[in-house]
There are 2 protein chains.
Amino acid sequence: MAREKRIDMVILGLLSHEERSGYDIKKQIDGAISFFWKGSFGNIYPALKDLESGGLIERNASNSGPREKHTYRITEAGAEALKQWLRNEQSVNELRYETLLKLFFSGCDDRKTALKNIAAFRKKVEADLAILKGYAANLEKVREESADHTYYYLTALFGIKSYEAYLEWCETAEKTIKS
Amino acid sequence: MAREKRIDMVILGLLSHEERSGYDIKKQIDGAISFFWKGSFGNIYPALKDLESGGLIERNASNSGPREKHTYRITEAGAEALKQWLRNEQSVNELRYETLLKLFFSGCDDRKTALKNIAAFRKKVEADLAILKGYAANLEKVREESADHTYYYLTALFGIKSYEAYLEWCETAEKTIKS
DNA sequence: GAGGACATATATCATATTGATATATCACCT
DNA sequence: AGGTGATATATCAATATGATATATGTCCTC
């Protein structure tokens, strides 16, 4: 069997707080979640249909607005499935870093190429780190309000710590390659 | 268009050093490369055929041994394609961390679940860190021999620095959740 | 030397994901 | 009236994953 559909769990997790449409879900994933998990319309919409036919979510009556938009709510079975997944300690954690792949094969070209790739990586990391820091600062203010905010904060902190380590590594890597 | 086939570049990079079979390539990816890029038979074998028909690699005459095994060598066109890719500064770098996804939604269950997931994550990171450290120690010894080894070492160092940051984060996360 | 376990070697398939594109409405500004 | 960009859903080709199928070679043990 191929890997389980994690997008199902992302959807259930997001719906556990509030009713949402597919479009809303995509926007949310693109925000806070995207740095550790991705989602696309191409898997969100089919997943919504599957979850509905499996009884894990229910579709609300078309909203009153003029535009076609259907929101979904989580069912009890859905909440149970979400909990089961949370309680399963086995998790897939993987990196897909093309920058490291290029560095690994950098012996095939001169060192300037390697340095350029590291410089581009550093630039991206610096930009993303600034975003994460702003996000975490906002979350820290509201951490007392609910446990959820604490968890959101901790995922952001993970990114901050990682990215800071990446920047330190860039220093070392640049020095090593130049020497 | 869907994302470019990076497996092609992994194969070209590996073949740029030595002739190999699909099986050899898989083994190599599973070793040093797997912590930042994955490959499977399901995409390696089709990619070998595509690369061959595109003239980027050539298949050697079946080897003398009794078992079916064909090795491939890189062509000049293949080496050029590899360089072009190396010189393209745009790279896809992404995380897929189910542990963070679970943590993000941990408000749906009690804090014990969150702590268990972090503990499992920590255990895995500690094990992988030990492997990476052993790998890096071996590479440091032979770093003078060729530029390649320096690059291999730097990718391992990236893993070590990241994983050490992860472990620090685990400490903070556990304390925060318990308090 | 028969049998089992495991590594070697290639191939294929169902499922999952990505990234792009298509289509259409709505909100806002000029 | 026209343009831009956000909202909203849907679908598709290309790609990747993980499992399975098939078969041979090697090594150890009983």
Side-chain angles (χ1 to χ4, degrees), chain A residues 1-11 14 19-31 33-34 36-52 54 57 59-60 62-72 85 90-98 101, chain B residues 1-11 19-31 33-34 36-54 57 59-60 62-72 85 90-98 101:
Chain A
M1 189 176 33
R3 162 190 297 162
E4 265 172 62
K5 260 168 82 189
R6 321 287 163 157
I7 190 65
D8 286 357
M9 298 303 142
V10 179
I11 292 172
L14 289 172
E19 298 180 2
R20 285 176 219 279
S21 67
Y23 191 79
D24 297 334
I25 288 166
K26 174 73 164 96
K27 267 198 298 180
Q28 284 244 316
I29 293 174
D30 285 347
I33 291 175
S34 67
F36 54 86
W37 208 270
K38 304 274 186 300
S40 65
F41 290 129
N43 68 349
I44 292 168
Y45 284 112
L48 284 170
K49 284 185 185 167
D50 292 347
L51 286 167
E52 193 191 3
I57 60 174
R59 186 168 170 163
N60 291 318
S62 214
N63 77 329
S64 53
R67 174 157 5 179
E68 182 189 30
K69 171 173 180 169
H70 359 268
T71 59
Y72 294 87
W85 169 71
Q90 289 213 303
S91 296
V92 170
N93 295 314
E94 47 181 56
L95 230 55
R96 265 174 80 90
Y97 271 35
E98 196 178 1
L101 203 49
Chain B
M1 191 176 34
R3 163 190 297 163
E4 267 173 58
K5 259 167 80 188
R6 320 287 164 160
I7 189 65
D8 286 357
M9 298 303 142
V10 179
I11 292 172
E19 298 180 1
R20 284 174 219 280
S21 68
Y23 191 77
D24 297 333
I25 289 166
K26 173 73 164 95
K27 266 198 301 179
Q28 284 245 314
I29 293 174
D30 285 347
I33 292 175
S34 67
F36 54 85
W37 207 270
K38 302 274 186 300
S40 64
F41 290 130
N43 68 349
I44 292 168
Y45 284 111
L48 284 170
K49 282 183 185 167
D50 292 348
L51 287 167
E52 193 190 3
S53 64
I57 62 174
R59 185 169 172 164
N60 292 317
S62 214
N63 77 330
S64 54
R67 171 148 16 170
E68 183 190 30
K69 172 174 181 169
H70 0 269
T71 58
Y72 295 87
W85 168 71
Q90 291 214 300
S91 295
V92 170
N93 295 315
E94 47 180 57
L95 231 55
R96 265 174 79 89
Y97 271 34
E98 195 178 1
L101 204 49

- Message: From CD of A:Glu98 over to P of D:dT15, roughly how many Å is that when rounded to an integer?
- Response: 14 Å
- Query: Can you tell me how far CD1 of B:Ile44 sits from CD1 of B:Ile7, rounded to the nearest 0.5 angstrom?
  - Reply: 5.0 Å
- Query: Tell me: CZ of B:Arg59 to C1' of C:dA11, nearest whole Å?
  - Reply: 12 Å
- Item | B:Lys26 charged N/C atom sitting above B:Phe41 aromatic ring, 6.0 Å / 45° | yes
- Selection: residues 39-46 of chain A, any non-hydrogen atom under 4.0 Å of DNA chain D: A:Phe41, A:Gly42, A:Tyr45
- Note on the structure: Here the gap from B:Ile33 atom CD1 to B:Lys38 atom NZ, rounded to the nearest 0.5 Å, amounts to 11.0 Å
- Taking NZ from B:Lys38 and P from C:dT18, how many angstroms apart are they, rounded to a whole number? 15 Å
- Query: Counting N and O atoms only, with roles assigned by atom type, does the side chain of B:Asp24 sit under 3.5 Å from a partner on the main chain of B:Ser21, one being a donor and the other an acceptor?
  - Reply: yes
- side chain to side chain contact (heavy atoms under 4.5 Å, CB included), paired with B:Arg20, selected from B:Ile25, B:Thr71, B:Ile11: B:Ile25
- Nearest whole angstrom, please: distance from the P of D:dT17 to the CD1 of A:Ile7. 17 Å
- Among C:dT10, D:dT17, D:dT11, the one nearest any side-chain atom of B:Lys69 is C:dT10
- A:Leu48 has an atom CG; how far is it from atom P of D:dA10, in whole Å? 9 Å
- Task: To the nearest Å, give me how far apart CZ (B:Arg6) and P (D:dA14) are.
- Result: 17 Å
- Note on the structure: When rounded to whole Å, the NE2 to C1' distance for the pair A:His70 and D:dT7 reads 13 Å
- To the nearest Å, give me how far apart CE (B:Met9) and C1' (D:dA16) are. 16 Å
- Please identify each residue that fulfils side-chain hydrogen bond (donor to acceptor under 3.5 Å, both in side chains) with A:Asp8, with sequence neighbours left out. none
- Query: Reckon A:Lys49 has a side-chain N or O less than 4.0 Å from the OP1 or OP2 of D:dT11?
  - Reply: yes
- Do any side-chain nitrogens or oxygens of A:Arg96 fall under 4.0 Å of OP1 or OP2 in D:dT17? yes
- Is the backbone of B:His70 close enough, under 3.5 Å, to the side chain of B:Arg59 for a donor and an acceptor to pair up by distance? no
- Item | B:Trp37 and B:Ile29: CA distance, side-chain angles, deciding distance, side chain to side chain contact (heavy atoms under 4.5 Å, CB included) verdict | CA-CA 8 Å; B:Trp37 207 270; B:Ile29 293 174; 5.9 Å; no
- Task: Enumerate the residues from residues 19-28 of chain A whose closest heavy atom to DNA chain D is under 4.0 Å, giving them by residue number; use none for an empty result.
- Result: A:Ser21, A:Gly22, A:Tyr23, A:Asp24, A:Lys27
- Task: Enter the distance from A:Arg96:CZ to B:Asn93:CG here, rounded to the nearest 0.5 Å.
- Result: 10.5 Å
